[in-house]
Amino acid sequence: MALQFYNSLSRSLEEFKPIQEGNVSFYACGPTVYNYAHIGNLRAYVFEDVLRRTLEYLGYSVQHIMNITDVGHLTGDNDDGEDKMLKTSRESGKTVWDIAEYYTEAFFRDTDRLNIVRPSVSCAATQHIDEMIALIKRIEENGYTYMAGGNVYFDTDKFKDYGKLALLERQEQKAGARVDVDKNKRHPRDFVLWFTQSKFENHIMLWDSPWGKGYPGWHIECSAMSMKYLGDQFDIHCGGIDHIPVHHTNEIAQSEAATGKKWVNYWLHNEFLLMDSGKMSKSKGGFLTLQSLIDQGYHPLDYRYFLLGAHYRTQLHFSFDNLKGARSARLSLEEKIRELLKSGEAPVPAGNRSEKARSYAETFRGDLEADLNTPRALAVIWTILKDGDLTPGEILGLLYEFDSVLGLKLKDIEPAKEYQPSEEEKAMLEERIQARKDKNWGRADEIRDYFQEKGLILKDTPQGTVILPASV
RNA sequence: GGCGCCGUACCCAAGUGGUAAGGGAGAGGUCUGCAAAACCUUUAUGCACCGGUUCGAAUCCGGUCGGCGCCUCCA
C-alpha cells in the first residue's frame, strides 16, 4: 500500500510523492484571531494534526507551517465591510494588538487541550509585511497587477489557469448578488493585494509600502509566509473546503504569477461540522467553543475522539447526544487499558510482535494510508481489544503505537489505584457487611451512598466488597 | 440560477463490483437483596426511490425525490 490523498486539484485520489524524499513541506491556513475558535474551526486543526502525525508515523520528517492572521480583513458579518479586528476592538475597548495576542493564546490553549501538536512554525501576518510587499513586487514586475483607486489589484484575466482548483470556469457566478461590487475592479473576481484606501476610518494597522501607506490584502499573507518557510514550491496545503473558491484560488494565482512555477502539489480540504441548523457559524448561532463543551462536563479528547469517528472529507453532524457517545466510547477504551495494565505486562515493541499483531499494525497503517481513514483506524483498536489471541502486552504495544497518530493520550492512562479506606471507613464497610447479613438494606445503602458521594462505587462480589473509583 | 458534495439500523459512521466495519444507545443474560461496574449475547436478506449494465451492485450508469455546502468573511 502506498500513501494516498484526495487532491482537490485533480478531484481524485493520488499517490503521495514529496518533492524531497523523506521530507514533507506542509502549510495549513490558521485562525484569524479576532474571536474564539468554535468547534467547527477546530475540526480543521484536528484533521491537520492527524495528517501530520500520520506522515511522521510513516517516517517522514514534516515541516509544518501555520499562519496566524492578526491583520484585520473585511468582514461580511453584516455586509458592512468593517474590519473584524477593528470591530472587536471597538466593541471591547482593547487595541487590535491586545486582541490578537489574547485570541492567539486562546487558540493555542484549545489546540493544546485537543492534543494537537504545535506547528513547526506559527507565523503572524503582522511580522511578515516585508515578505508580502516583496512578493507583491514580484507579481507586479511580472505584469499581473494594476492600480485602481489607490489599491493594488491582481488581474485575474492575465493568469490563464485562474480558478482551476475551484472549477470556476464551469460556473456562472452571480457577482454582486450578496455584496457590493468594487467599482475599481476590472473583473469582479479580481482581488486586492495591497490597500491604501481603507473603506472605513481609523484603520490602526498601517505599514509603509511602495504603493503608499496601507495594509495587505487577505490572500497574500499565506503565499508570502508559506514561500518564506517552505520555498517557491512545496508539497501540501490544507484548509477548510470553504477556501477553495476564493482564498486558495487566489493564493495559487498570485503565487504562480510570482514564480512562474507550479506552487503546491497536493491540496487537502476538510469538510464542515454541521449543526441541526446547518454549518456552524457565528451569524447562524450555535457558536460552540471547546470551553463550552468542557463546561458541560466533556473532556477535550471526547471531542477529538468524536472527530476521529468520521472521515475528514465528509460533513459531520454534531449533537450533544453524539458527543456523549464519543465520550462513552473513549472512557470505555480507557477502562480497557486500565484492565490491560493490571496484567503488569510491558508493551511489546514493534520488533517482537506475533504474526497476528503485525497484521493488525499493517491494517491500521493501511487505513491511514487510504486518505486518512480514521474511522477504520479506530475500528482496528476495538477489534484488537476483543482478540483473545493477543497478549495484554501486545495489545498495549499496538495501542501505544497507534496513539502516536490518534492522539488520545493513551499512554497517560495509569492503572486504577486501589482506594485505601480510613479506619473509620473500614469500620463502616464491616458494618455494611453485617447489615447485609441482617437484611438491613436501608443501612447498607446509606453506607453505599456515603462512598458514592466520594466518587467511589462499592461492588459486591462473592469474594467481598470492592471499592472502585466511579468513572465520570 | 450556476457549481460541488451527500442519502447505509434508533443515533453517529466506515465500506475497495463478491458474506453490510466500528462506536453509542436499546434489549436479553451472568452476578446481585436491589443497584452499580464488568463481561457475554443480540439489533440492516438490507444501503432514499425507480430503471439499466453485470454471473454478481450499497458500490458503476441514467432518472426521480430529499438534504448540505459554495458562488460573500469563513475551518
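Below, chains carry the letters A, B, ... as their sequence lines are ordered, and counting in each starts from 1.
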Give one of base, sugar-phosphate or nothing for A:His243, where a contact means two heavy atoms less than 4.0 Å apart. sugar-phosphate
With P as the reference atom in both, quote the distance from B:A20 to B:C47 in angstrom, rounded to an integer. 11 Å
Give me the distance, rounded to whole Å, that separates B:G24 from B:G62 when you measure between the C1' atoms they each carry. 38 Å
Provide, to the nearest angstrom, the distance between the CG atom belonging to A:Leu385 and the P atom belonging to B:C40. 11 Å
Re B:A48: Watson-Crick or G-U wobble partner, both distances kept under 3.5 Å, found to be B:U64
Hey, can you tell me if A:Tyr298 and A:Phe320 have their rings parallel, tilted or perpendicular (30° and 60° cut-offs)? tilted
Classify the nucleic acid contact of A:Leu42 as base, sugar-phosphate or nothing, counting any heavy atom under 4.0 Å across all strands shown. nothing
When you measure from the side chain of A:His311, which nucleotide among B:G24, B:A14, B:C12 comes out closest? B:A14
Side-chain N or O of A:Lys324 closer than 4.0 Å to phosphate OP1/OP2 of B:C12: no
With the side chain of A:Arg436 defined as its heavy atoms from C-beta on, choose the nearest nucleotide among B:U32, B:A13, B:G22. B:U32
Aromatic ring centroids of A:Tyr229 and A:His128 under 6.0 Å? yes
Write down the distance between OH (A:Tyr312) and P (B:A14), rounded to a whole number of angstrom. 12 Å
Does a nitrogen or oxygen in the side chain of A:Thr314 sit under 4.0 Å from OP1 or OP2 of B:A14? yes
Sugar-phosphate, base or nothing in reach of A:Gly309, heavy atoms under 4.0 Å: sugar-phosphate
Roughly, in whole Å, what's the span from NE2 in A:His317 to C1' in B:C11? 11 Å
Report yes if a side-chain nitrogen or oxygen of A:Asn373 is closer than 4.0 Å to either non-bridging phosphate oxygen (OP1 or OP2) of B:G15; otherwise report no. yes
B:C12 P sits how many Å from A:Leu308 CG, rounded? 18 Å
Any donor-acceptor N/O pair under 3.5 Å between B:A35 base and A:Arg448 side chain: yes
Identify the two heavy atoms, one from A:Ala444 and one from A:Arg436, that lie closest to each other, and give their separation to 0.1 Å. CB-CG, 3.8 Å
Contact class for A:Glu271 (heavy atom, under 4.0 Å): base, sugar-phosphate, or nothing? base
Given atom CG of A:Asp242 and atom C1' of B:C5, what is their separation to the nearest angstrom? 14 Å
Using the P atom as the point on both nucleotides, what is the distance between B:G52 and B:C71, in whole Å? 41 Å
Tell me: CZ of A:Phe318 to P of B:C11, nearest whole Å? 18 Å
Answer with yes or no whether A:Asp445 presents, from its side chain, a donor or acceptor under 3.5 Å of a partner atom in the base of B:G33. yes
Between B:C49 and B:C73, how far is it from one C1' atom to the other, in whole Å? 39 Å
Could you let me know what B:A57 is paired to, Watson-Crick or G-U wobble, both distances under 3.5 Å, or none if it's on its own? none
Select base, sugar-phosphate, or nothing to describe what A:Leu458 touches, counting heavy atoms under 4.0 Å on all strands. base
If we take the C1' atom in both B:G56 and B:U19, what is their distance in whole Å? 13 Å
Assess the pair A:His219 and A:Phe191: is the distance between their ring centroids shorter than 6.0 Å? yes
Rounded distance in Å between the C1' positions of B:G69 and B:A75: 13 Å
Under 4.0 angstrom, heavy atoms only, what part of the nucleic acid is A:Arg443 near: base, sugar-phosphate, or nothing? nothing
Separation between the P atoms of B:U16 and B:U8, rounded to whole Å: 16 Å
Paired with B:A20 by Watson-Crick or G-U wobble geometry, both distances under 3.5 Å: which nucleotide is it? none
Aromatic contact, A:Tyr45 with A:Phe107 (centres under 6.0 Å): yes
Taking the six-membered ring for Trp, are the ring centroids of A:Trp194 and A:Tyr215 within less than 6.0 Å of each other? no
What is the pairing partner of B:C3, taking Watson-Crick or G-U wobble pairs with both distances under 3.5 Å in any strand? B:G69
For A:Phe272, does the six-membered ring have the charged nitrogen or CZ of A:Arg43 within the cation-pi criterion, i.e. under 6.0 angstrom from the centroid and within 45° of the normal? no
If you measure from the C1' atom in B:A13 to the same atom in B:G51, how many Å do you get, rounded? 29 Å
Among B:C39, B:A75, B:G23, find the nucleotide with the atom closest to the side chain of A:Tyr45. B:A75
Residue pair A:Arg11/A:Phe306 against RNA chain B: nearer the 5' end by closest nucleotide is A:Arg11
Whole-Å distance separating the OH atom of A:Tyr162 from the C1' atom of B:C3: 15 Å
Between A:His237 and A:His248, is the ring pair (Phe, Tyr, Trp, His ring centres under 6.0 Å) condition met? List the steps. CA-CA 9 Å; A:His237 194 310; A:His248 289 167; 4.7 Å; yes
Would you say B:C12 has OP1 or OP2 under 4.0 Å from some side-chain N or O of A:Asn322? no
By nearest heavy atom, map A:His247 and A:Lys386 onto RNA chain B; which one lands nearer the 5' end? A:Lys386
Under 4.0 Å between any heavy atoms, over every strand shown, what does A:Val246 touch: base, sugar-phosphate, or nothing? Just pick one. sugar-phosphate
What does B:A38 pair with, Watson-Crick or G-U, if both distances are under 3.5 Å? B:U30
Taking only the side-chain heavy atoms of A:Ala379 (C-beta and beyond), determine which of B:G24, B:A21, B:G33 contains the nearest atom. B:A21
Protein-nucleotide distance (A:Leu165, atom CG; B:G4, atom P), rounded to Å: 13 Å
Pairwise side-chain contact, A:Trp267 with A:Ile252, heavy-atom cut-off 4.5 Å (strictly under): yes
Does the structure show A:Trp441 stacking with B:G33, if we require the centres to be closer than 5.5 Å and the planes to be within less than 30 degrees of parallel? yes
